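Note that this is a predicted model, so its numbers are computed, not measured.
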Amino acid sequence: MGFGLPWALAGLVAVSIPILAHLLRRQKLPRQTLPTIAFLHRIHATRAARLRVVDMLLLIARVLLIAALVLVAAAPYRVVQSNLLDRQHALAIVLDDSMSMAAIHEGKTLIERAAELSTEQVNNLPGGSEVSVVLSGKSPRVWVRRRSDLEMVETVFNEIDRRSTRGDAMCDAVQTAVELLLESELPDRRLLVFSDFAEGTRAESCEWPSRGIRVAFETVSTPDPDNRRIASVEVIGARDAPGGMRLDVRIAGTSTQSQQTVRMRQKGQETQKASVERTADGAEASLSIGPGSTDAVVELQLDPDDVLPADNVRGVLLGSDTVHVLLVDGDPHPDPRKRETAFLSHALGVAPRIGRSFAVETLDAQDLSESAIIRSDVVVMANATLDEKWLPLIRRFVGGGGSLWITAGDRVNPRAYGSVLRELLPGRYTATRMEARPLSLRSKALPELDQAKVHGRTPIAEVSLNAVVTARFSDGAAAMLEHRYRNGRVAMMATTIDDAWTDLPYQPVFVPFVLDTLLRLAGRTEHSVEPHGSVSLPGSTQSQRIQVVTPTGRTVDLGEADRVAFRDTGEIGAYRVLVNGVNGARFAFVVDAPPAESDLVSRGAPELESRFEAVTLDASSGVEQPLAPWLLLLVVALLFSELWLRQIRRR
């Protein structure tokens with residue numbers, strides 16, 4: 001017999017309360033005999049004898065009642081020997097399918113060995129038992145939910161991915177398994193955990209069940225694991241630099257005397273390899289990419305493979321901080337210096353010396369294409385009026401996370417913008433007017449804008465409620481405003497971006513103004529995700545086919561939608577995105593192996609405290625049977641007994 005909450009037994013001191021009360025009532029008070037009631041002495045003696053018996057029974061009932069309530073609070077139980085072969089019970093198996101369990105030992109991955117051990121446990125269960133299986137790789141998944149068909153449960157272990165690349169979420173998986181066990185009506189509940197218990201598991205920080213569930217651990221690990229990984233890659237240089245780019249690769253893990261090589265693949269083809277040189281703190285290698293390369297991502301492979309091949313691969317983004325800008329010129333000119341976008345192009349050309357780099361594409365308004373829009377982070381409409389046919393695409397582009405910047409000019413048709421793009425715009429253009437006296441610009445973020453003079457503008461009216469005015473004219477009217485439309489942003493400028501209506505392009509503040517606006521509109525896109533994470537990509541349309549090429553060369557077609565959450569990211573390495581068969585550089589991304597999963601040294605199963613009920617994986621062991629229900633029945637019986645005795649005492 002035992003107690004789940006033994007400290008509650010301290011409440012037994014309350015048993016003394018009815019005893020003290022009984023003793024105080026028995027103290028004799030001074031007596032004084034009155035002649036008028038002398039004849040009642042005989043009757044009083046008979047009734048006093050009966051009350052003494054009833055009081056003693058009341059005392060016993062009250063003492064037992066208090067003791068029973070204290071014992072209920074202490075959660076008593078008795079241990080009954082049971083055998084797994086003849087007693088039905090609920091079994092929850094937590095199987096670690098994180099990347100470290102994909103390590104190979106004696107020709108099998110640890111996941112395969114854990115699946116075989118799990119199958120043996122299910123084979124030992126008697127009919128009528130319930131089995132649940134939870135996989136603890138990130139994110140945890142309920143593989144089997146409370147099934148009594150044991151033959152079916154055995155077959156599902158063969159469907160678990162033996163080459164998992166997932167991180168570990170053991171604690172969340174344990175919590176899910178415990179919830180499944182508590183749903184069961186079977187009193188005998190057991191939790192079995194199969195894992196390598198390596199550093200990434202963090203099993204010691206999990207909240208293990210302390211009552212009513214028996215816990216067992218089985219360590220499945222690789223003795224003396226020989227594993228290395230590509231720990232980091234530093235990209236030095238730029239694609240347009242005369243010397244191109246250099247990739248400095250650092251190798252971490254156990255040392256080896258055998259020769260190792262790092263191979264580089266571009267668009268699925270091996271293009272270069274370099275030998276690994278040992279250093280004081282590991283090993284390293286260096287590869288190069290010639291100038292003018294258009295690849296957005298490359299993939300590195302460490303050879304030869306070791307016990308964990310998954311972390312020998314690493315995708316490398318080339319220019320992940322690049323902002324792709326499409327300049328739509330509404331006033332083209334044979335002389336590039338006189339184009340509407342000339343000053344913008346120059347400002348973006350000096351951007352790499354200031355911060356993030358920009359990939360710029362310039363098109364005349366009549367040459368605008370759907371593929372050019374989709375490849376861009378920000379589309380700048382410089383003194384251009386779009387045809388109504390572009391409305392659905394622009395709406396999808398901005399709604400899916402792209403940004404639009406519209407600048408005024410003599411070719412902007414306010415009425416056309418009001419009818420074609422009204423729902424996207426933070427305001428409405430009105431009639432253009434030239435100012436008799438030049439106006440200046442005001443901005444809290446860039447105070448230097450007040451040096452610029454404006455003598456022509458297309459005023460913006462009907463500003464939306466969620467719009468943010470980032471710059472004003474000296475008369476208080478909005479000169480630049482932005483707002484969010486779904487997942488993207490739209491900005492409007494009330495004057496030109498060239499020198500037609502303002503001398504802003506000649507001011508030192510022009511370049512910071514352009515870069516600040518574009519970087520704010522572009523934001524930052526996450527290009528590196530964890531295995532099986534979600535990546536937001538544009539969906540296909542009737543005229544645009546969006547495809548994802550995985551590291552193994554599989555091509556996945558995306559469905560038609562403004563935005564698609566791409567989740568087929570279980571392969572480690574570089575992912576390319578094709579727009580009508582052409583590389584969409586801005587959408588390329590990589591999936592990196594979880595660093596913690598490369599540590600394959602087992603720390604051993606967690607040591608549970610004494611209050612935990614740890615068991616071994618044998619066929620028989622004790623099973624708790626709670627005694628609280630029987631004690632509650634005793635409490636009810638004692639309550640009725642006290643009421644009955646109190647009624648007798650009043651007679």
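With no hydrogens or angles considered, a side-chain donor-acceptor pair links Glu597 and Ser98 at under 3.5 Å. In the model, Ser528 has a side-chain atom that pairs as donor or acceptor with a side-chain atom of Asp592 under 3.5 Å. Between the side chains of Ser258 and Thr256, at least one donor-acceptor pair of N or O atoms lies under 3.5 Å. A donor and an acceptor atom, one from each side chain of Thr279 and Glu284, are nowhere located under 3.5 Å apart.
Considering all non-hydrogen atoms of both residues, Ala114 and Phe194 come closest at CB-CB, 4.0 Å. When every heavy atom of Trp208 is checked against every heavy atom of Ala203, the shortest pair comes out as NE1-O, 3.2 Å. In plain terms, the two heavy atoms of Asn312 and Arg228 that are nearest each other are OD1-O, 2.8 Å. Taking every heavy atom of both residues into account, Asn583 and Arg375 meet most closely at O-CD, 4.4 Å. Here the shortest heavy-atom pairing between Ala574 and Pro551 reads O-CG, 3.4 Å. When all heavy atoms of Val156 and Trp143 are compared, the closest pair comes out as O-NE1, 3.1 Å.
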Do Glu116 and Lys108 pass the salt bridge (charged side-chain N to carboxylate O under 4.0 Å, His left out) test, and can you show the C-alpha distance, the side-chain angles, and the key distance before you say yes or no? CA-CA 11 Å; Glu116 293 173 356; Lys108 293 183 179 180; 2.6 Å; yes
Would Glu270 and Arg265 satisfy salt bridge (charged side-chain N to carboxylate O under 4.0 Å, His left out), going step by step from the backbone distance to the final call? CA-CA 4 Å; Glu270 182 177 326; Arg265 292 196 297 267; over 6 Å; no
May I have the step-by-step check of salt bridge (charged side-chain N to carboxylate O under 4.0 Å, His left out) for Asp248 and Arg250, ending in yes or no? CA-CA 7 Å; Asp248 289 344; Arg250 188 174 68 85; over 6 Å; no
Start with the C-alpha gap between Asp168 and Lys138, add the side-chain angles, then the distance that decides, and say whether salt bridge (charged side-chain N to carboxylate O under 4.0 Å, His left out) holds. CA-CA 5 Å; Asp168 208 311; Lys138 192 176 181 180; over 6 Å; no
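Screening Arg554, Arg166, Arg163 for a salt bridge (Lys or Arg N to Asp or Glu O under 4.0 Å) with Glu571, the sole residue that qualifies is Arg554.
Remark: Phe397 pairs with no residue by the ring pair (Phe, Tyr, Trp, His ring centres under 6.0 Å) rule, at least two apart or across chains. Tyr575 pairs by the ring pair (Phe, Tyr, Trp, His ring centres under 6.0 Å) definition with Phe589, not counting sequence neighbours.
Arg229 places no side-chain N or O within donor-acceptor distance of the main-chain N or O of Val313, the cut-off being under 3.5 Å.
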Can you list, pair by pair, the side-chain donor-acceptor contacts under 3.5 Å of residues 172-186, counting residues two or more places apart and other chains?
residue: Thr176; atom: OG1; partner: Asp172; partner atom: O; Å: 3.0
residue: Ser184; atom: OG; partner: Glu130; partner atom: OE1; Å: 3.0
residue: Ser184; atom: OG; partner: Leu186; partner atom: N; Å: 3.2

